[in-house]
Protein chains: 2
Amino acid sequence: MTGQRTNARSPTTGKPRAARLSVDRVLEAAFARVRSTGLPSLTMRQLADDLGTGPMTLYRHVSGRDDLLRRMLDRTVAEMDLPPVSLDPREELTGLVTAVHARFRRDPWVVTLVASEGLSSPDILPVVERMLNALKNAGCNHDEMAAAYALIWHYTYGEAIDSHRDGELDRVAAGMGDIDVGEYPTLAEMLCRRRGTQRRHLFEGNLQRLLDSVL
Amino acid sequence: MTGQRTNARSPTTGKPRAARLSVDRVLEAAFARVRSTGLPSLTMRQLADDLGTGPMTLYRHVSGRDDLLRRMLDRTVAEMDLPPVSLDPREELTGLVTAVHARFRRDPWVVTLVASEGLSSPDILPVVERMLNALKNAGCNHDEMAAAYALIWHYTYGEAIDSHRDGELDRVAAGMGDIDVGEYPTLAEMLCRRRGTQRRHLFEGNLQRLLDSVL
DNA sequence: ACCTGAACACCGTTCAAGT
DNA sequence: ACCTGAACACCGTTCAAGT
């Protein structure tokens, strides 16, 4: 015997074999799977196949499917690209909300996870703290802070959920086929004119409008 | 033989037996199940059990699980208790959003359905049309209408999703155990003072604030 | 003709048997 | 000791056999 078989190298090729399973490797594969074929396709068995192992091997690194999803959510939140702290409340809030929004846009499937499981990741706390501080610095009292926080957060939330589809208006139209112009004239007119409006632009504008009313 | 066995009456008791299955009966049972034990417990097999029949019998009335869920969503939207049309834009918008919000609150599980499947129910169209008309009457041009519509809708959406839990702040705290006061002083202070704030009150206030900025 | 049981191809997870 | 295959109790749905 020339080498230990217990790790790292294939006895036949000598090439560094796919590293032995670890939580990170499992998560990596899970992200790849869900990104390419969606959340429902992320099953323990499929994931095991992707990693070239049996389903039970995964349970060495993850306590079950729920644990896997929680870890994916945690990692997603931790990966948020937060801007440096700004003392200007508007700049601070814009930066934070934009970062959250951008993260959700990169992995839209997370939002449905958040919607059904909640977003109680430890790494969201710094974001919350910074938002509250910005509101405080803007002169909000506690009631105002609570209200403003809820308003901003819920808007971001709703926008994110809606944005992993094509937007409410378009989708309503698509799902319905052609709208009855006689019955819904204003809606039909909107759908006709609004083509090409950028979602992103809409989000940025509305966020500023929200901040106008809050600050 | 004294009576037909094909329908309506039990041959043994003569009492009107549970009516033969129909889409309505299936939906009724599905709502009951999901209301009492949650969305994941709504399986074709469980539903069949609830109705005292075999799983396959359901497929006579519903083309599959997706179809069942879509019908439940449609019915939920159709059951919205819309207020009479008002010519005052603020009153009209307040009434509509409040109605949507109230419907979601009565069956919070629908929101996760909406989040993953979208809300493309035909019965949402009148609501959309009325919202757009109210914005038009308030003097919005098309771009403003699109923006204001998205803002209002996304806020309602996000609020609804969040509200079937205990609210973001509380939940974050609950999920985390005790917050590190040193690390997150503003958050800790908020959590301490905010106890007892009514969600409903917060929603109404924020909606008015939103309308202030939109109208 | 209408209805539905058995069967198929999945799923998450337990548990005991492998090395 | 560490790892994992077989088995269990589910799931939605097909399909052919019942009445």
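Quick note on labels: first sequence line is chain A, next is B, and so on, each numbered from 1.
Not counting sequence neighbours, B:E28 has no partner by the salt bridge (charged side-chain N to carboxylate O under 4.0 Å, His left out) test. Listed by chain and number, the residues in a side chain to side chain donor-acceptor pair (under 3.5 Å) with A:T94 are A:Q208 (sequence neighbours excluded). Qualifying side chain to side chain donor-acceptor pair (under 3.5 Å) partners for A:S41, counting only residues two or more places apart in sequence or in other chains: A:T37. Remark: A:R70 pairs with A:D67, A:D74 by the side chain to side chain donor-acceptor pair (under 3.5 Å) rule, at least two apart or across chains. For A:R103, the salt bridge (charged side-chain N to carboxylate O under 4.0 Å, His left out) partners are A:E79, A:D107, not counting sequence neighbours. Applying the side chain to side chain donor-acceptor pair (under 3.5 Å) test to B:T43 and every residue at least two apart in sequence or in another chain returns nothing. With sequence neighbours excluded, the residues satisfying salt bridge (charged side-chain N to carboxylate O under 4.0 Å, His left out) with B:E92 are B:R130. Taking B:R106 as the reference, nothing meets the salt bridge (charged side-chain N to carboxylate O under 4.0 Å, His left out) condition, with sequence neighbours excluded.
When rounded to the nearest whole Å, the span between CZ of B:R65 and P of C:dC11 equals 16 Å. Atom P of nucleotide C:dC11 and atom CG of A:L47 are separated by 11 Å, given to the nearest angstrom. We find that CG of B:D67 is positioned 14 Å from C1' of D:dG12, with the value rounded to whole Å. Taking atom CG on B:D49 and atom P on D:dC10, their separation rounds to 11 Å, with Å as the unit. A:D66 has its CG atom 7 Å from the P atom of C:dT13, to the nearest Å. Rounded to an integer number of Å, the gap from CG of B:L58 to P of C:dC3 is 13 Å. In this entry the distance linking CG of B:L51 with C1' of C:dC3 reads 15 Å, nearest Å.
Residue pairs meeting the salt bridge (Lys or Arg N to Asp or Glu O under 4.0 Å) criterion with at least one partner in residues 39-51 of chain B, sequence neighbours excluded, are B:R33-B:D50.
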Task: Dot-bracket encoding per residue of DNA chain D, Watson-Crick/G-U cut-off under 3.5 Å, | denoting interstrand - done: ||.|||||...|||||.||
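Against DNA chain D, the stretch residues 31-42 of chain B makes no heavy-atom approach under 4.0 Å.
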- [ ] Give the intermediate values and the outcome of side-chain contact (heavy atoms from CB on, under 4.5 Å) for residues B:R209 and A:V214.
- [x] CA-CA 8 Å; B:R209 194 147 34 163; A:V214 152; 4.3 Å; yes
TODO: Given side-chain contact (heavy atoms from CB on, under 4.5 Å), test A:T186 with B:M145 step by step and report yes or no.
DONE: CA-CA 10 Å; A:T186 314; B:M145 269 170 68; 3.7 Å; yes
Using a cut-off of under 3.5 Å, enumerate the N/O to N/O pairs linking the protein to nucleotides 4-8 of chain D.
{"unit_1": "D:dT4", "atom_1": "OP2", "unit_2": "A:T57", "atom_2": "OG1", "d": "2.9"}

